[in-house]
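Here the structure is laid out as structure tokens; the discussion comes afterwards.
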Number of protein chains: 2
Amino acid sequence: MNKIPIIIVDDHVLFSQALNGLINKFKSYKVVAQLNNGQEVIDYFNADKETASIILMDVNMPILNGIKATEWLKENRPEIKVLALTMNDDEPIILNMLRAGACGYLLKDIHPNTLLEALNQIMRLGVYYTDDVAQTLVKATSQKPIELKDRELHFLTLACTDLTYKQIAEKMFLSYKTIDGYREVVFDKFNVSSRIGMVLYALKEKIVEL
Amino acid sequence: MNKIPIIIVDDHVLFSQALNGLINKFKSYKVVAQLNNGQEVIDYFNADKETASIILMDVNMPILNGIKATEWLKENRPEIKVLALTMNDDEPIILNMLRAGACGYLLKDIHPNTLLEALNQIMRLGVYYTDDVAQTLVKATSQKPIELKDRELHFLTLACTDLTYKQIAEKMFLSYKTIDGYREVVFDKFNVSSRIGMVLYALKEKIVEL
DNA sequence: TATTTGCAGGGGGTATTTCCCCTTTTTTTA
DNA sequence: TAAAAAAAGGGGAAATACCCCCTGCAAATA
């Protein structure tokens, strides 16, 4: 019986090794590679090395994060199932990961048995959702996703700073009035009515990092 | 040769098991208990079970976090060395953990060898500081810690909200002018000159949670 | 080709924030 | 117990933020 190949992508060596040991104890699975960040995933597949059926993907990684790496995989290796693994159960992060193409989402505080279950279910059904994630999905799909244009995002990033709008205008080489326009648009999209509200929303939804 | 006893406190079963396996491979150390949160630490010692020389303590845990558990240990079992373990290298968290009495601070993305080194150094010198942590300490001690009074903290918490100052005044049953006074004081303490700056500072320093 | 859509910018007004100056009362502390 | 500091409140003004309605232009699209 040939084992199902798995790749682990995580920058935490200790955790990564633990996973490795655990999975290799499972009868039907084996780890074929252990990578440290998203960039290594791209390099790995560009070098045409042994592929895998499932990739266990951390979300927070240096150089290239799990979301970008998953997007790349959807483009270039759509047959590979990506199972997201993360410490925090932040709604926006779960959503971003699922939007990027992950077929499931596991918190790192799971029990070993749960991992095996998840792997089996992915091989059987193609997806694995815990109740938590399912709930998040329902909540999120009921409300339309907020899309920001490049300029708006740039403005928002600068607005999450102690610069005044006038100074932001100068930084972006735009008139104050144009910035005022962006402000209005973002206010509308976020459904807020103050700069503080806008900034807090952006931080909560992880649109801008602190 | 009798091995040095270690207790692991972490709510992440997978990680905890990995640590356990790793440490038991070290010649001079053995894991005597594996606990899931701070409350279990207190219960464990209250039940008078086998003690340890070193406790590897996660910071973020449910029920009772690593900071509170470390404070309890300093009070009740001051002879035990606590080595903090965490995912994030947030300065304020490192500081809080060291203030609580941890004798060292390790990021979870360390290499196994680093862990052994840390354990050895703690047994030899009583402390283990990486360069990162040492730098943080220097930075933190060189700048006076910012102390907020109860009312100021309450004001600040409400300021990290889309309420206007006038609405904050109403919520706190104070005049707008009094709030304006708090604003000025907090601005001074944080060395900022706008509400946005104040809020961002409070979030960065984890004075207020998002 | 006519129309919509997106982007940059403007006029003008109100509300809020920021920053000075100040008084009174209570609480701390020397 | 007298002096100092902290807490609460205020006047007034300038800067900034917020809001609505409007123009011109270019690219996309119908």
Side-chain angles (χ1 to χ4, degrees), chain A residues 71 75 96 99 143-210, chain B residues 143-210:
Chain A
E71 280 167 358
E75 275 291 310
N96 284 333
R99 283 204 193 101
Q143 65 206 12
K144 69 217 163 290
I146 289 169
E147 299 278 346
L148 290 184
K149 304 202 190 310
D150 280 2
R151 294 298 184 101
E152 289 164 5
L153 181 60
H154 188 193
F155 155 74
L156 178 60
T157 308
L158 293 173
C160 294
T161 279
D162 60 1
L163 296 172
T164 66
Y165 289 142
K166 203 196 287 186
Q167 292 169 320
I168 292 174
E170 283 164 17
K171 275 222 168 189
M172 290 180 72
F173 303 110
L174 290 171
S175 130
Y176 166 79
K177 277 296 176 179
T178 307
I179 293 300
D180 198 41
Y182 288 146
R183 181 195 55 70
E184 192 111 46
V185 171
V186 177
F187 272 27
D188 266 14
K189 290 189 178 178
F190 288 3
N191 191 31
V192 296
S193 54
S194 74
R195 183 168 169 183
I196 294 284
M198 176 176 68
V199 170
L200 293 175
Y201 186 95
L203 293 174
K204 272 185 198 140
E205 298 298 318
K206 310 257 184 238
I207 298 167
V208 173
E209 286 299 312
L210 197 54
Chain B
Q143 66 204 13
K144 69 220 162 291
I146 290 170
E147 300 278 345
L148 289 184
K149 304 200 191 310
D150 279 2
R151 294 297 185 103
E152 289 164 4
L153 182 59
H154 189 194
F155 155 74
L156 178 60
T157 308
L158 293 173
C160 294
T161 278
D162 60 3
L163 297 171
T164 66
Y165 289 141
K166 203 196 287 183
Q167 291 170 321
I168 293 174
E170 282 163 19
K171 276 223 167 188
M172 291 180 71
F173 303 109
L174 290 172
S175 130
Y176 165 78
K177 277 298 176 177
T178 307
I179 293 300
D180 197 42
Y182 289 145
R183 182 196 53 72
E184 193 113 45
V185 171
V186 177
F187 272 27
D188 266 14
K189 290 189 177 176
F190 288 2
N191 191 31
V192 296
S193 54
S194 74
R195 182 168 170 184
I196 291 285
M198 176 177 67
V199 170
L200 293 174
Y201 186 94
L203 294 173
K204 272 184 198 140
E205 298 297 319
K206 309 250 185 252
I207 299 168
V208 173
E209 285 298 311
L210 194 55

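Here is how names work: the chains are called A, B, and so on, in the same order as the sequence lines, proteins then strands, and each is numbered from 1.
With rounding to the nearest 0.5 angstrom, the CE atom of A/M172 is 5.5 Å from the OH atom of A/Y182. Between the CD1 atom in A/I207 and the CE atom in A/M198 there is a gap of 10.5 Å [rounded to 0.5 Å].
Among residues at least two apart or in separate chains, side-chain hydrogen bond (donor to acceptor under 3.5 Å, both in side chains) pairs with a member in residues 190-210 of chain B are B/D90-B/K206. The salt bridge (charged side-chain N to carboxylate O under 4.0 Å, His left out) contacts involving residues 178-187 of chain B comprise B/D180-B/R183, where partners must be two or more places apart or lie in separate chains. Here salt bridge (charged side-chain N to carboxylate O under 4.0 Å, His left out) pairs that include residues 157-167 of chain A, with residues two or more places apart or in two chains, number zero.
Counting only heavy atoms from C-beta outward, the side chains of A/H154 and A/D150 never approach each other to under 4.5 Å. In this structure, the side chains of A/F190 and A/L148 come closer than 4.5 Å at one or more pairs of heavy atoms. Using a 4.5 Å cut-off on side-chain heavy atoms (C-beta onward), A/L174 and A/I168 make no contact. Annotation: side chain of A/V199 is not in contact with side chain of A/V208 (no heavy-atom distance under 4.5 Å).
Evaluation of the side chain to side chain donor-acceptor pair (under 3.5 Å) rule for A/E71 yields no partner, not counting sequence neighbours. With sequence neighbours excluded, the residues that form a side chain to side chain contact (heavy atoms under 4.5 Å, CB included) with B/K171 are B/L158, B/L163.
A rotation axis mapping the C1' atoms of four pairs onto the next four is fitted at both ends of the helix from C/dT1-D/dA30 to C/dA30-D/dT1 over five pairs, and the angle between these axes is 40° to 10 degrees.
For the pair A/T161 and B/I196, the tightest heavy-atom approach, listed with the atom from each and the gap, is O-CG2, 3.1 Å. In terms of heavy-atom proximity, B/F155 sits nearest to B/I179 at CE1-CG2, 3.7 Å. For the pair A/E152 and A/K189, the tightest heavy-atom approach, listed with the atom from each and the gap, is OE1-NZ, 2.9 Å. Contact detail for B/A202 and B/L156: the closest heavy-atom pair is CB-CD2, 3.8 Å.
Atom CD1 of A/I168 and atom P of D/dT16 are 12 Å apart (whole Å). As rounded to whole Å, 12 Å separates atom P of C/dC7 from atom CG of A/L148. Taking atom OH on A/Y165 and atom C1' on D/dC19, their separation rounds to 12 Å, with Å as the unit. Distance, B/K166 NZ to D/dG10 P: 14 Å, rounded to whole Å. Atoms CD1 (B/I179) and C1' (D/dA7) sit 12 Å apart, rounded to a whole Å. As rounded to whole Å, 15 Å separates atom C1' of D/dG9 from atom CZ of B/F155. Between B/K149 atom NZ and D/dA5 atom P the separation is 13 Å, expressed in whole Å. In this structure, B/M172 atom CE and D/dG9 atom C1' are separated by 14 Å, rounded to whole Å.
At a cut-off of 3.5 angstrom, the base of D/dC18 holds no donor-acceptor pair with the side chain of A/D180.
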Evaluate the side-chain contact (heavy atoms from CB on, under 4.5 Å) criterion for residues B/L200 and B/V192: first the C-alpha distance (whole Å), next the side-chain angles of each, then the deciding distance (0.1 Å), finally the verdict.
CA-CA 10 Å; B/L200 293 174; B/V192 296; over 6 Å; no

I'd like a table of atom pairs between the protein and nucleotides 25-30 of chain C - only N or O on both sides, under 3.5 Å - with the distance next to each one.
none

Please write out each protein N/O paired with an N/O of nucleotides 8-10 of chain C under 3.5 Å, distance rounded to 0.1 Å.
{"from": "C/dA8", "atom 1": "OP1", "to": "A/R151", "atom 2": "NH1", "distance (Å)": "2.8"}
{"from": "C/dA8", "atom 1": "OP1", "to": "A/R151", "atom 2": "NH2", "distance (Å)": "3.4"}
{"from": "C/dA8", "atom 1": "OP2", "to": "A/Y182", "atom 2": "OH", "distance (Å)": "2.0"}
{"from": "C/dG9", "atom 1": "OP2", "to": "A/S175", "atom 2": "N", "distance (Å)": "3.0"}
{"from": "C/dG9", "atom 1": "OP2", "to": "A/T178", "atom 2": "OG1", "distance (Å)": "2.7"}
{"from": "C/dG9", "atom 1": "O5'", "to": "A/T178", "atom 2": "OG1", "distance (Å)": "3.3"}
{"from": "C/dG10", "atom 1": "OP2", "to": "A/S175", "atom 2": "OG", "distance (Å)": "3.0"}

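Listed by residue number, B/F187, B/S193, B/S194, B/R195 are the residues of residues 185-196 of chain B with a heavy-atom contact under 4.0 Å to DNA chain C. Within residues 156-163 of chain B, no residue is approached by DNA chain D to less than 4.0 Å at the level of any non-hydrogen atom.
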